[in-house]
Amino acid sequence: MSTFVEQRICIKFCLRNQISAAESLRMLQNAFGDKVMSKKNVYKWYKDFHEGRERVEDEERSGRPSTATDEAHVQKIKDLVLENRRLTIRDISDEIGISKGSVNSILKDVLALKRVKSRLVPKSLNFFEKRRRVEVCKAMLSDYIDKTKCIITGDETSIYAYDPETTDQSSEYRAKGEPRPKKPRQSRSKVKRS
């Protein structure tokens with residue numbers, strides 16, 4: 001039962017015991033603290049109960065029910081996100097054919113997913129990859145030890161061969177408690193172009 005329904009029950013009780021609306025408001029503020037209804041709503045409900053209303057629940061409202069957050073759309077979005085966690089809200093909206101707001105509310109409220117950025121870590125090499133790198137470097141040094149004096153260097157222009165992905169670009173949807181994705185820290189590679 002929501003706190004607003006509980007407060008409406010209290011207002012109805014106060015009316016039946018001939019307690020004024022102002023005194024009812026004061027009692028509600030003492031009982032519910034920060035979660036109390038506004039003064040305007042307390043007086044409105046007091047008046048409604050005084051005029052003969054019996055129900056404390058909200059009346060049925062006219063209007064079109066929300067069809068975008070039904071179980072079928074929720075399952076489709078869940079499948080898409082599990083298949084590719086890097087999809088944007090726009091991508092999902094275009095794929096399924098519902099509004100971006102509906103996709104956002106399904107992701108946040110129903111599936112409890114949020115977009116998290118990758119955590120940058122130093123190079124993610126395991127023990128064998130590290131050992132292999134050392135072996136290759138030693139082999140290259142031993143092969144070219146006598147030719148290092150013959151290498152000609154110059155000040156040619158260097159340009160970047162690629163731009164590493166930013167943490168924003170590598171952000172993914174994750175559920176609460178799931179670890180953040182890891183992304184090895186990379187520097188842009190310089191390739192000499194003449």
Side-chain angles (χ1 to χ4, degrees), residues 1-121 165-183:
M1 180 184 307
S2 75
T3 58
F4 290 127
V5 174
E6 290 177 29
Q7 292 177 53
R8 292 172 198 161
I9 293 169
C10 294
I11 294 169
K12 189 174 177 182
F13 175 81
C14 288
L15 175 72
R16 296 242 171 113
N17 286 300
Q18 299 175 347
I19 298 172
S20 69
E23 182 63 21
S24 300
L25 174 63
R26 191 188 63 72
M27 291 169 71
L28 286 171
Q29 288 170 339
N30 285 341
F32 291 96
D34 292 341
K35 297 184 180 176
V36 71
M37 277 193 248
S38 67
K39 179 179 178 181
K40 177 182 166 187
N41 277 336
V42 170
Y43 280 94
K44 176 197 159 298
W45 280 98
Y46 192 91
K47 180 181 172 228
D48 288 350
F49 291 133
H50 186 69
E51 291 173 350
R53 179 174 177 152
E54 290 295 320
R55 292 185 49 148
V56 292
E57 291 85 17
D58 289 322
E59 298 283 330
E60 290 292 326
R61 295 187 180 120
S62 63
R64 188 172 157 199
S66 174
T67 57
T69 56
D70 64 351
E71 200 58 41
H73 285 118
V74 170
Q75 190 60 43
K76 284 181 187 176
I77 290 174
K78 184 177 181 180
D79 293 341
L80 280 173
V81 169
L82 290 177
E83 184 180 316
N84 181 3
R85 289 179 182 259
R86 291 189 178 188
L87 288 174
T88 63
I89 290 176
R90 178 177 288 171
D91 294 337
I92 296 170
S93 173
D94 292 343
E95 180 79 25
I96 294 181
I98 59 176
S99 71
K100 290 182 267 188
S102 297
V103 170
N104 192 30
S105 68
I106 289 173
L107 286 170
K108 286 186 175 180
D109 302 334
V110 180
L111 297 175
L113 297 175
K114 67 178 185 176
R115 198 146 180 104
V116 294
K117 294 181 180 181
S118 298
R119 185 168 55 95
L120 290 175
V121 294
E165 196 175 50
T166 64
T167 54
D168 283 336
Q169 292 168 332
S170 64
S171 61
E172 298 179 359
Y173 283 104
R174 295 289 173 146
K176 188 174 183 178
E178 276 189 295
R180 288 170 51 184
K182 292 180 182 176
K183 179 177 175 354

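Computed from a predicted structure; not experimentally measured. Scope of the values below: all heavy atoms of this structure, side chains included, with no hydrogens, waters or symmetry mates.
The shortest non-hydrogen separation linking I19 to Y46 is O-OH, 2.6 Å. Between C10 and L28, the shortest heavy-atom contact is CB-CD2, 3.8 Å. Smallest separation of non-hydrogen atoms from S105 and S102: OG-O, 3.0 Å. Across every non-hydrogen atom of V42 and A21, the tightest pair is CG1-O, 4.4 Å. Residue R174 comes nearest to V116 through the heavy atom pair CG-CG2, 3.5 Å, listed as atom of the first residue, atom of the second, then distance.
Residue pairs meeting the salt bridge (charged side-chain N to carboxylate O under 4.0 Å, His left out) criterion with at least one member in residues 44-53, sequence neighbours excluded: K44-D48, K47-E51, R53-E59. Residue pairs that meet the salt bridge (charged side-chain N to carboxylate O under 4.0 Å, His left out) test with at least one member in residues 31-41, sequence neighbours left out, do not exist here. Among residues at least two apart or in separate chains, ring-ring contact (aromatic ring centres under 6.0 Å, His included) pairs with a member in residues 8-45 are W45-F49.
Looking only at side-chain heavy atoms (C-beta outward), V81 and L87 stay at 4.5 Å or farther from each other. Side-chain contact between L80 and I96 is present, with at least one heavy-atom pair separated by less than 4.5 Å. A heavy-atom distance below 4.5 Å is found between the side chains of M27 and C14. Between L107 and I92, some side-chain heavy-atom pair lies under the 4.5 Å cut-off. Residues R26 and N30 have side chains in contact (heavy-atom distance under 4.5 Å, counting atoms from C-beta outward). In this structure, M37 and I11 have side chains that are in contact, with non-hydrogen atoms separated by less than 4.5 Å.
Here K100 contributes atom NZ and N104 contributes atom CG; the two are 11.0 Å apart, rounded to the nearest 0.5 Å. Taken from CG in L113 to CZ in R85, the straight-line distance is 7.5 Å, to the nearest 0.5 Å. A distance of 7.0 Å separates CD1 of I9 from CD of E6, quoted to the nearest 0.5 Å.
Summarising the local packing, CD of E95 is surrounded by 12 or fewer heavy atoms from other residues, nucleotides or ligands at distances under 6.0 Å.
Listed by chain and number, the residues in a salt bridge (Lys or Arg N to Asp or Glu O under 4.0 Å) with E83 amount to none (sequence neighbours excluded). Residues forming a salt bridge (Lys or Arg N to Asp or Glu O under 4.0 Å) with R115 (at least two apart in sequence, or on another chain): none. With sequence neighbours excluded, the residues that form a salt bridge (Lys or Arg N to Asp or Glu O under 4.0 Å) with R16 are E54.
Put simply, the side chain of E23 never gets that close to the backbone of S20: no donor and acceptor are under 3.5 Å apart.
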Stepwise side-chain contact (heavy atoms from CB on, under 4.5 Å) test for I89 and Y173: CA-CA 10 Å; I89 290 176; Y173 283 104; 3.2 Å; yes
Test log, rule side-chain contact (heavy atoms from CB on, under 4.5 Å), inputs I77 and I98: CA-CA 11 Å; I77 290 174; I98 59 176; 4.1 Å; yes
